[in-house]
Amino acid sequence: MSKNLVIVESPAKAKTIERILGKDFVVKSSMGHVRDLPQKNIGIDITNQFEPNYEILSNKTKIINELKTEVKKADTIWLATDEDREGEAISWHLMEVLGIGKDKSKRIVFHEITQTAIEHAIENPRDLNIDLVNAQQARRVLDRLVGFELSPLLWKKVKPSLSAGRVQSVAVRLIVEKEKEIQAFQSTPMFRVVATFTSGNNIVLQAELNTRFKTEKEVDVFLEKCKSAHFTVAAVEKQATKKTPPPPFTTSTLQQEAARKLNFPVARTMMIAQQLYEAGYITYMRTDSVHLSDLALNTAKKYITEEYGKTYSKTRNYRTKSKGAQEAHEAIRPTYIDKASIENGDSGQERLYDLIRKRTLASQMSDAEFERTHISIHLSNAEEKFTAVGEVLLFDGFLKIYTESKDESEEENMLGKLPSIHQGAELYKQEIQAVEKYSQAPYRYTEASLVRKLEELGIGRPSTYAPIISTIQKRQYVVKGNKEGFERPYKVMTLTSDNTVKKTVKKEKVGYDKAKLMPTDIGNIVNNFLMEYFKEIMNYNFTAGVEMKFDEIAEGKLAWKEMIHDFYYPFHEKIESTLKNSEKAKGERLLGIDPTSGKNVYAKLARYGAVVQIGDTKTDEKLKFSKLLPGQSIETITLEEALELFKLPRTVGTYEGDELIVNIGPYGPYVLYKKKYYSVPKQEDLFSITVERCVEIIAEKTKKDEAKKPVVIGKYKDVEVSAAVGRYGPYIAYSGHFYKLSANTIPADVKLQDAIDIIQQTDKKNTVKSFTEDKDLKIMKAKTGKYIAYKNATYKIPRTQINMDLSYEDCMKIIQTALQKKK
DNA sequence: CAGTGAGCGAGCTTCCGCTTGACTT
């Protein structure tokens, strides 16, 4: 019988397929790309028609070697990588690296891992699509050229180690421009009028006026009219409405919904989804497809019918519509829809699974049906009308199990039930209230809403959304932070049933923001620089434009090297000219003149961060500098704030004979006391801080440090057990090992018995093998690999023996050699 | 890293997209 080797991208997939295909097939995974451009240099021979110089990825040499031995044993190699640009390229690279030709290999694709789908794929192999591979090469080379020519330009013109790229630079631009919009936003007040009416039979009805007033005077005029007005129901309109369920999850929608409903950052969502996928609970989590397999549709239908009844079931086939979607996978769904919950999962896994399952089920359920009622109320002496809108749920449909959460920018008003009332009925005012409402500034991006925007623009791929967010933060172009709100007064004018008008002023908190993405100074400076010189690449449609070209290449209508040629030369020319002609970008801003010295005051980026400077760099001998406070930025700092900063360092006073000094250091504001530094919380005002407060800060910090110090808890088997707080949280230290404690544990509070329990449980869980010959000898596993534990010491197992089943003698030999080496 | 800030210059940094483990207190 002939031998077959199937190569897929992911090892989890490989396992399942191997089970399906049986003993004539060996299934291996490539773990994604195996070859790429070199990491150290550009790796493209530009003068030789952009010939790429691919290298085997350093962490893939082992896999390649394994694949090579399998290839030798096999008669036919089935290349079963994903059916998209990247997948096709992986197959091509594999053919090149493994030295397999057309005669020995077959390219197959399938969209679901089922017996029938895989058998169908095996029966219908095709040739490798070299056009698609070329489209990928063009994508890869373009990204490399852009990234590796723009970044060095930034090193010279802005700051070393910065980066720029087709995707990340646009992501930063979105955030920078949102912040500019918010800054430029002028909030204007309007008066919104809401009335409460009564009618016979104790009916109470709330309605809103269809116009909003700009001024208090207009409200006065209107309320005056209301005093003598008659109110009648002019029309009652009923309308049937429905709501359709949202489609099943893609990577992007999963990230958004998990952020809204579960408060997960996108990285956490992806990590948990990966765990669920590896445990076999869900389908692949990096996808842009909303498609569900026939099998999934059928089992969902069956489950919904059995569980909720036939009326709740509605089979829906979704089509993917997002830009640049490549549909290599299904939507994210449970592998077995009738599995209501997972076993042995933590709460994060349980909650994410539940979310995915309910969303999938909901997508196969009936519409929710409502009856919407509009009641229009006329005034006898005015043009304006009041309207009341209400909604009654007639049939819950998919809402029985799932409601999609909304972003703050698109939150809808909840509509209640309206009392039944007929046309022509007379109403009596109980209260008419005008409330001053300010127009809302644009909302800052959250991680998830940025992902949504990027997806809308067709920028980035499911596998890169989470890394993009982390890259732009790692480069410190963007921070995820909170914004303090402020109180704003607003007016309320109320006309009561006895025709008196009361005017009051209330306060509301506005501008408060939590976990939002905001640009840093360096983010602003780099963005402004790129916008000035590389508008084309910063254009939100740049990716969409090149994607069209990639499509042409994939269809064989355009040669990839030609496309790259056309892009590169003008781009490179611009790089050269910018290098020659542009000033170094420091984001320098002239704030005004210092009244005491008469010199110019600037805010700018210096070697170690943002500073304010008094005097001109070129002409003045002595310049004065100060760092900025947390929350201040070059873009927004005012002259007054800058001048204030030069009052630092400031001596607050003395405590027990020693000076307390406040200043801004490299890690932020600090108190200096007895030659020790204590960082001051962000919101504290250094210019009005008191001696008492400083002493408090010092005491708090001292207490905290005390709590983190290692504490000896006691002894277990004659060996000391201690607890402390490290960089990764609290832990127990025992005989050369670390045992993780839950996040908020205080070392001093850990009881000996609890510590011993943790040690025993963890050791038990991690014991791979124990020996009858010697009770003290054990083979243990750690995250990093396996090791031998023997009499309160540990010994590393050599790499060569790591996968062997070690005998007692083997272990003793390892211990002996380790001890000898030590000597 | 609790000072520096300018400029010189060796030698470093950098892209996007596909996948999983490897880091360690």
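At a threshold of 4.0 angstrom between heavy atoms, the contacts of A:Tyr739 with the nucleic acid are absent. At the heavy-atom level, A:Pro11 lies under 4.0 Å from the strands shown only through sugar-phosphate atoms. Within the 4.0 angstrom heavy-atom criterion, only backbone atoms of the sugar-phosphate kind lie near A:Arg475; the bases stay farther away. Across all strands shown, A:Gly87 has no heavy atoms under 4.0 Å from either base or sugar-phosphate atoms. Contact annotation for A:Ser29: no contact, since no heavy-atom pair falls under 4.0 Å across all strands. Here A:Gly165 lies in heavy-atom contact (under 4.0 Å) with sugar-phosphate atoms only.
Contact between the side-chain N/O atoms of A:Lys604 and the OP1/OP2 oxygens of B:dA6 is found at a separation under 4.0 Å. In this structure, A:Lys586 reaches the B:dA6 phosphate: one of its side-chain N or O atoms is under 4.0 Å from OP1 or OP2. At B:dT13, none of the side-chain N or O atoms of A:Lys159 fall inside 4.0 Å of OP1 or OP2 (strictly under the cut-off). Phosphate contact (OP1/OP2 of B:dG17, side-chain N/O of A:Arg166, threshold under 4.0 Å): present.
Distance noted for atom C1' between B:dC1 and B:dG5: 14 Å (whole Å). With both ends at atom P, the span from B:dG7 to B:dG11 equals 23 Å, rounded to whole Å.
Not a single donor-acceptor contact under 3.5 angstrom links the side-chain atoms of A:Ser163 to the base of B:dT14. A:Arg286 contributes no side-chain N or O that forms a donor-acceptor pair with the base of B:dC18 under 3.5 Å. In terms of polar N and O atoms assigned as donor or acceptor, the side chain of A:Arg461 never comes within less than 3.5 Å of the base of B:dC18 in a complementary pairing.
Remark: ring of A:Phe148 stacked against base of B:dT14; centroid gap under 5.5 Å, plane tilt under 30°. Ring stacking is absent between A:Tyr670 and B:dA2, as the pair misses the limits of under 5.5 Å between centres and under 30 degrees between planes.
Among all heavy-atom pairs drawn from A:Thr651 and A:Ile661, the shortest one is OG1-CG1, 4.0 Å.
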